[in-house]
Amino acid sequence: MVDLESLNPEQLEAVLDTTHNLLLLACAGSGKTRTITTKIAYYIEKGILKPWEILAVTFTNKAAYEMRERIDSMLPGFDLSSLEVRTFHSFGAWLLRRHHAEAMLDDNFCIYDDDDSLSLLTTLFPTTDKKLLRGFSKSISKAKDLGVDPDDAKLSEIDSEEMFRMVYKRYESAIRCTGNCDFADLILLPVGLLEEHPDIADRYRRRFKLILVDEYQDSNRMQFRLLKLIAGESSQICVVGDDDQSIYAFRGAELKNILTFAKSFDNVREIKIEKNYRSTGEILRLAGGLISHNKERHVKDIVSATDAHGPLPKLLECADGEYEASTISSIIRRDRLFRSTAIIYRTNAQSLPFEMQLKKDRVPYRLVGALRFYDREEVKDALALLFLLVNRRDSVNFRRIINKPPRGIGPKAQEEIAGYGDDLVTGLELFSSGHGKAAEGAKAFLDNYKEMLESVERGDNLGDVLLRGITHSGLMAMYEKEPDKNVVKARKENLSTLISSLSQCQPGYESLVGYLENITLDNSTLGGTGEEDTESQVVLITMHNTKGLEFDNVFVAGLEDEIIPGGSDVRPSDLEEERRILYVAITRARKMLTLSYARRRMRWGHTDYMHKSRFIADFPSGSYESNVSRQERPPMDFDRLVGARMSYGKRISSWNGTTMNDLRKEENGTIERIELAVGDIVSSEIYGKGRVVALDGDMATIEFLSGVKRLNRNYSEFKMVEKASSIRKKTTFQVGDKVRSAVYGDGEIVSREVKNAAADIVVIRVRFKNSEVQLVEKFAKIEHI
DNA sequence: GCTCTCGCCCCAAGC
DNA sequence: GGGCGAGAGC
Ligand SMILES: Nc1ncnc2c1ncn2[C@@H]1O[C@H](COP(=O)(O)OP(=O)(O)OP(=O)(O)O)[C@@H](O)[C@H]1O
């Protein structure tokens, strides 16, 4: 039975309403995803709709998998294979695969990623500045996301470069020649297809009776048009989202879509939820305070539905990036946060110090995204052979692989081959009938190509086909020549991962095409350690990637200007988006939230002096606890600062007008120096509890669980846990004594036994109201009453 | 056409 | 720090 009991009234309404188009505009953690998942399961269980009549669209692949999994577990025994849970792009690919001829694509078209698009541009314009081409590549995808074609008058608003229109035009005709498509085409081409073929559109309109879109605030103009095209008279549309979580403007996301939903569709019912089931009140207060600084938003509250409370969020100031990583790692180890913990940052480049630190400290972790498996050179090379196998017009992959390893077929020869026509394999055959080194190389390449093709058609295991392919082509030998043995090893491991994943596919052509589509759409399907056990590994992830996820413990690192908010051209609208990105990261936390920033950070091989993020000022006062961890900071940072000012010139802009006096004020700041004596038990925010072993002027040597540290008392803050004097003057108890404990309440001593007189280990048993506990007398936190 | 070295410049985030 | 492209020299 699908569980409707635990839903709140609004969620229940959204699940049960079968007659309206629904807009669920609700805050973070309000159970939007849970609602639509339940709705799908409910419709299927009650027989309201068949699985194939439902289409659910998510924003990321991860979200799609999770949603399918949740539905599966709600409906054991149902066959859900015909239920479509996809990202917009994967849905587009699915449509195009079914109607490739009408869309003018190859039977076995593959999808070009951003790199491939850039390669295509490079072959079209070999003499044009690479940086310029990169910009064009971005502009082209932006134009396509907006549905602006090369003849559109508004094109110059996207890219004012004079030659852009011509570049865009030639790119479009070149990609059509390959029979393949790029990411933007996955939305653009289906829109064209359905507009030009009403009969096809009708089929899908009749088929999908319920269409749900998660994270609708991040849909773009073309995705909206696609949604309109597949929404039929009798279909019910249900979109859910949160305008405060719109973080994909850079990809053309338009908040307008969700804010004007009621105008775009008929018979709309809007449901709002302002209750959060995920986080503690403390976390919500901080998050709510932050987002309330955005002007362009629908003001809504975010209040705790469960009234859960927990520790106040913490803000850590760290001397540098490495120190930030080691601090976070030591907190993770100190509090044993190995389960359901994430370290979240703005850019992938920030993951490195965490990877190194966690590896050193033997904390199991999983890196999400980053250098994606299929983006690695050797993997792309090997795949290029396969791409060419399924589509002979794939010029991008042809050029990638034809002269790798070198076989004398340079740019000139490549032009000649391309001159024979779009079918590059036929071109290569014609070329190979000539003479010379290049023709010989072409023959060798063709032999391998044909051998691979035949073995796929024969039904050989696909992994074996690839292994033979990369061996005969000389790719493998080429990688082995690399002088750095570690690189060789890593490459071989990656190739072997690739081969073994391929060998698990069904043999044959069709299955190969499917495999290739899958890996382009979802880069995360392979790679990493292979262990998908996120629950017991610390997850390293970007803010964008965490959308829709949740963790008990969240560290948000790198809260510095020029990281978040990033970039230097801070337009107000960008700033609001940056604030939303941080808001998304913060609202992933269920119980514990720790924010951190570094005062200096290594970037591009030199040290930058950072200023803490301006967003920190947006947090309500008292909503977080700033420990200001100054331990490692040399007392006089100013000399270095002045040096930096002179040598780095404009880079000092990152100080954003902070004056020396501000710094000094901060420097004299809030350290409260407490009296210490040898033997005292103190606690430090960074290192946890420790025992003072020596005092020497300003320096205190303290033994922490993680090791002995020598700290300057002017720059380190401690809390007294237990004075040594009070430890010595410890109380003893007698059987029958009435005692009080902060944890257990009042109780009575029932036994007392000296276990080891020399070490002063005396075990007492105390009976409290609800329990009986055994304690070591000298450590017991109880007192006489 | 291949390979090695020098010097440049680091703008993201995602499908 | 490092990846990458330009250009020299083979
Ligand atoms: N009615 C409810 N009772 C108890 N827990 C709930 C309820 N609704 C949702 N939750 C829990 O709240 C958490 C957040 O739910 P969910 O991920 O569906 O929210 P969301 O609105 O999609 O969040 P976000 O927009 O931040 O990604 C989940 O752990 C979910 O199980």
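Computed from a prediction, not measured in an experiment: that's the story for all the values here. Quick note: numbers below take in every heavy atom, side chains included, and nothing from hydrogens, waters or symmetry partners. Order of the sequence lines sets the chain letters (A, B, ...), proteins ahead of strands, with each chain counted from 1.
Checked against dA12(B), dC2(B), dC15(B), the side chain of N403(A) finds its nearest nucleotide in dC2(B). With dT3(B), dA13(B), dC15(B) as the choices, the nucleotide that has an atom nearest any side-chain atom of P406(A) turns out to be dT3(B). Side-chain proximity of D114(A) to dA13(B), dC15(B), dG1(B): nearest is dC15(B). When distances are taken from the side chain of T87(A) to each of dC2(B), dC15(B), dG14(B), the shortest belongs to dC15(B). Across dA13(B), dC11(B), dC15(B), the shortest atom-to-atom separation from the side chain of N61(A) is found for dC15(B). Taking every side-chain heavy atom of F183(A) into account, dC15(B) is the closest of dC11(B), dG1(B), dC15(B).
Separating the CG atom of D561(A) from the C1' atom of dA12(B) is a distance of 16 Å, rounded to the nearest angstrom. In this entry the distance linking CD of E215(A) with P of dC15(B) reads 12 Å, nearest Å. Note: CD (E562(A)) to C1' (dC10(B)) measures 14 Å, nearest angstrom. Look at CZ on R134(A): it is 12 Å from C1' on dG5(C), rounded to the nearest Å. Protein atom CD1 of I344(A) is 21 Å distant from nucleotide atom P of dA12(B), rounded to whole Å. Remark: C1' of dA12(B) and CZ of R603(A) are 11 Å apart, rounded to the nearest angstrom. Atom CG in L226(A) sits roughly 18 Å away from atom P in dC15(B) (whole-Å rounding). Separating the CZ atom of R346(A) from the P atom of dA12(B) is a distance of 10 Å, rounded to the nearest angstrom.
Using a 4.0 Å cut-off between charged nitrogen and carboxylate oxygen, K612(A) and D561(A) do not count as a salt-bridge pair. For the pair E254(A) and R221(A), the salt-bridge criterion is met [side-chain N within less than 4.0 Å of a carboxylate O]. With respect to the salt-bridge test (charged N to carboxylate O, under 4.0 angstrom), the residues R297(A) and D243(A) do not qualify. Salt bridge present: K443(A) and E440(A) bring a charged side-chain N and a carboxylate O closer than 4.0 Å. With respect to the salt-bridge test (charged N to carboxylate O, under 4.0 angstrom), the residues R599(A) and D320(A) do not qualify. Between E578(A) and R346(A), at least one side-chain N (NZ, or NE/NH1/NH2) sits under 4.0 Å from a carboxylate O, which counts as a salt bridge. A salt bridge links R176(A) to E172(A): one of the charged nitrogens lies within less than 4.0 Å of a carboxylate oxygen. Salt-bridge formation is detected for the pair E480(A)/K492(A): a Lys NZ or Arg NE/NH1/NH2 atom is positioned less than 4.0 Å from an Asp or Glu carboxylate oxygen.
Comparing dC4(C) with dA13(B), their P atoms sit 16 Å apart, to the nearest whole Å. Here the separation of dG5(C) from dA12(B), taken at their C1' atoms, is 23 Å to the nearest Å. For the C1' atoms, the distance linking dA6(C) with dC11(B) amounts to 23 Å, nearest Å.
With hydrogens and angles left out, the side chain of D113(A) and the base of dC15(B) share no donor-acceptor pair within 3.5 Å.
Within 4.0 Å of E578(A), counting heavy atoms only, lies at least one base atom of the nucleic acid. Within 4.0 Å (heavy atoms only), F59(A) reaches sugar-phosphate atoms of the nucleic acid but no base atom. Here R580(A) lies out of heavy-atom contact (under 4.0 Å) with every strand.
Applying the 4.0 Å criterion to OP1 and OP2 of dA13(B), one finds that N348(A) has a side-chain N or O inside that range. OP1 or OP2 of dC10(B) has at least one side-chain nitrogen or oxygen of K131(A) nearer than 4.0 Å. The phosphate of dA12(B) has neither OP1 nor OP2 within less than 4.0 Å of any side-chain N or O from T542(A). Phosphate proximity of dC15(B) to R86(A): absent, as no side-chain N or O sits under 4.0 Å from OP1 or OP2. In this model, the phosphate group of dC11(B) is not approached by any side-chain N or O of K138(A) to a distance below 4.0 Å at OP1 or OP2. One finds a side-chain N or O of N545(A) lying less than 4.0 angstrom from the OP1 or OP2 phosphate oxygen of dG14(B).
Outside the 6.0 Å centre-distance limit, the rings of H611(A) and Y597(A) are not counted as a close aromatic pair. Outside the 6.0 Å centre-distance limit, the rings of H544(A) and F59(A) are not counted as a close aromatic pair.
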Practice prompt. With pairs defined as Watson-Crick or G-U wobble and both distances under 3.5 angstrom, please note down DNA chain C as a dot-bracket string, | for pairing with another strand.
Written response: ||||||||||
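Evaluation of the salt bridge (Lys or Arg N to Asp or Glu O under 4.0 Å) rule for R86(A) yields E84(A) as partners, not counting sequence neighbours.
A distance of 7.5 Å separates NZ in K380(A) from CG in N397(A), rounded to the nearest 0.5 Å.
Residues K412(A) and T347(A) both approach DNA chain B. Their nearest nucleotides, taken by heavy-atom distance, put K412(A) toward the 5′ side.
Applying a 4.0 Å cut-off to non-hydrogen atoms, the residues of residues 247-257 of chain A that approach DNA chain B are Y248(A), F250(A), R251(A), listed by residue number.
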